[in-house]
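Atoms within a ligand are numbered from 1 in the order they appear, just like the ligands themselves. Owing to the predicted nature of the structure, the values given are computational and were not obtained by experimental measurement.
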Amino acid sequence: SGRLEEKKTLITAAGQGIGRASALAYANEGARVLATDINPESLASLKEESPEIETCLLDITDPQAITNLAKEIGTLDVLFNCAGFVHHGTLLECEESDWEFTFDLNVRSMYRMIRAFLPAMLETGGGSIINMASVASNVRGVPNRFVYGASKAAVIGLTKSVAADFVKQGIRCNAICPGTVRTDLSEHRIDTYAAERGKPKEEVLEDYLLEKEPYHQPMSRFISIEEIAAAAVYLCSSAGAAMRGAAFTVDGGWTAR
Ligand code: NAD
């Protein structure tokens with residue numbers, strides 16, 4: 001028996017990266033998992049890897065799709081809002097459309113998801129909501145992460161507000177703030193970096209680990225998707241019941257100094 005035995009869980013952006021690792025970890029802990037994503041191929045491959053996981057297409061920028069899904073599946077014990085997008089650049093490189101796209105995907109979607117699923121959680125006596133933030137936010141200012149950092153700081157504010165408003169009604173709402181996790185997203189970031197500097201990728205990777213670059217990892221390796229999934233398990237397990245409105249940092253020592 002697992003730590004999430006029979007818990008009904010939903011994860012957004014569960015097709016790949018941290019969301020996928022979390023879906024697998026939740027299933028491994030005995031949870032009933034509904035893995036959602038905008039990408040049907042990655043959902044199909046997840047289903048193949050772990051047939052007990054239910055999958056469902058969900059574009060979290062589509063309010064009607066969210067409302068329909070909430071009506072269809074009713075109450076949840078755990079809602080993990082994992083989806084997020086990284087825009088690269090400073091304020092001067094952020095167009096109105098970049099701002100809108102980022103805030104819609106990274107923040108507004110969480111407001112919509114929680115608004116759709118919270119009422120049933122309240123009716124059944126509680127639930128756990130986990131929102132994906134980042135160290136790049138109000139935890140730490142990171143170069144070239146202007147609108148991303150602003151949006152992830154908003155996620156922390158949104159999280160604390162929901163936690164404070166519903167703490168007496170059995171609702172737990174926490175944010176996870178990872179450092180650099182090795183996924184397609186960070187892979188893309190490293191490629192961009194290498195291209196900008198005209199350096200081979202291997203050299204840029206070394207710079208990361210040798211602390212020459214702003215996204216360096218002091219523990220000399222990247223964080224794994226499984227390490228973030230473990231935090232996502234803890235936050236919604238009974239062991240994490242006292243975590244309320246936390247910005248839970250898992251960053252390999254990035255902000256330790
Ligand atoms: P990833 O890029 O590997 O995966 C992103 C997933 O989001 C994809 O499966 C994609 O299909 C899905 N997606 C995109 N648009 C969507 C939409 N409109 N609706 C539903 N799904 C959509 O991502 P990752 O690196 O695992 O990151 C996941 C989360 O963790 C993000 O919120 C990210 O900001 C955050 N994060 C990542 C890192 C890191 O280093 N990778 C660090 C801190 C925070």
Could you list the atoms of ligand 1 found under 4.0 angstrom from a heavy atom of [X]?
X: Leu58; result: 19 (N), 20 (C)
X: Asp59; result: 17 (C), 18 (N), 19 (N)
X: Ser134; result: 43 (C), 44 (C)
X: Ala133; result: 44 (C)
X: Gly179; result: 40 (O), 42 (C), 43 (C)
X: Ala83; result: 32 (O)
X: Ile60; result: 17 (C), 18 (N), 19 (N), 20 (C)
X: Gly17; result: 3 (O), 26 (O)

Do any nitrogen or oxygen atoms of [X] come within less than 3.5 Å of a nitrogen or oxygen of ligand 1?
X: Asp37; value: yes
X: Phe85; value: no
X: Ser42; value: no

With respect to [atom], which of [options] exhibits the smallest heavy-atom separation?
atom: atom 29 (C) of ligand 1; options: Cys177, Cys82, Gly84, Ser109; value: Cys82
atom: atom 6 (C) of ligand 1; options: Ala136, Ala65, Ala13, Gly19; value: Ala13
atom: atom 21 (N) of ligand 1; options: Ile18, Ile38, Thr183, Asn39; value: Ile38

Salt bridge check, Glu227 against Arg182: does any charged N sit closer than 4.0 Å to a carboxylate O?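 Salt bridge between Arg182 and Glu227, a charged N being under 4.0 Å from a carboxylate O: no.
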Looking at Asp104 and Arg112, is there a salt bridge between them, counting it only when a charged N and a carboxylate O are closer than 4.0 Å?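 Result for this pair is yes, salt bridge flagged.
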Side chain, backbone, both or neither: which part of Thr36 comes within less than 4.0 Å of ligand 1 when only heavy atoms are counted?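 The answer is neither; Thr36 stays 4.0 Å or more away.
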Heavy-atom distances under 4.0 Å decide this one: backbone, side chain, both or neither, for Lys152 against ligand 1?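 The answer is the side chain.
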Close approach, Val86 and ligand 1, non-hydrogen under 4.0 angstrom: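 In this structure, Val86 fails to qualify as a contact of ligand 1 - no heavy atom is under 4.0 Å.
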With a 4.0 Å cut-off on heavy atoms, is Phe222 touching ligand 1?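 No, Phe222 has no heavy atom closer than 4.0 Å to ligand 1.
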May I ask you to check whether Arg145 and His88 show a side-chain donor-acceptor distance below 3.5 Å?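 There is such a pair (donor and acceptor under 3.5 Å, judged by atom type) between the side chains of Arg145 and His88.
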Is any side-chain heavy atom of Thr249 less than 4.5 Å from a side-chain heavy atom of Trp254?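 No, every pair of side-chain atoms sits at 4.5 Å or beyond.
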Does any part of the side chain of Val147, heavy atoms only, come nearer than 4.5 Å to the side chain of Phe103, both counted from C-beta?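 With C-beta onward as the side chain, the pair touches.
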Quick check against the 3.5 Å criterion: does [X] have a side-chain atom that pairs as donor or acceptor with the backbone of [Y]?
X: Arg244; Y: Ala241; answer: yes
X: Arg20; Y: Gly15; answer: yes
X: Lys160; Y: Gly245; answer: yes
X: Thr124; Y: Ala120; answer: yes
X: Thr36; Y: Leu57; answer: no

As a quick check of understanding, evaluate salt bridge (charged side-chain N to carboxylate O under 4.0 Å, His left out) for Glu203 and Arg197, giving each step before the final call. CA-CA 10 Å; Glu203 222 174 282; Arg197 284 163 177 64; over 6 Å; no
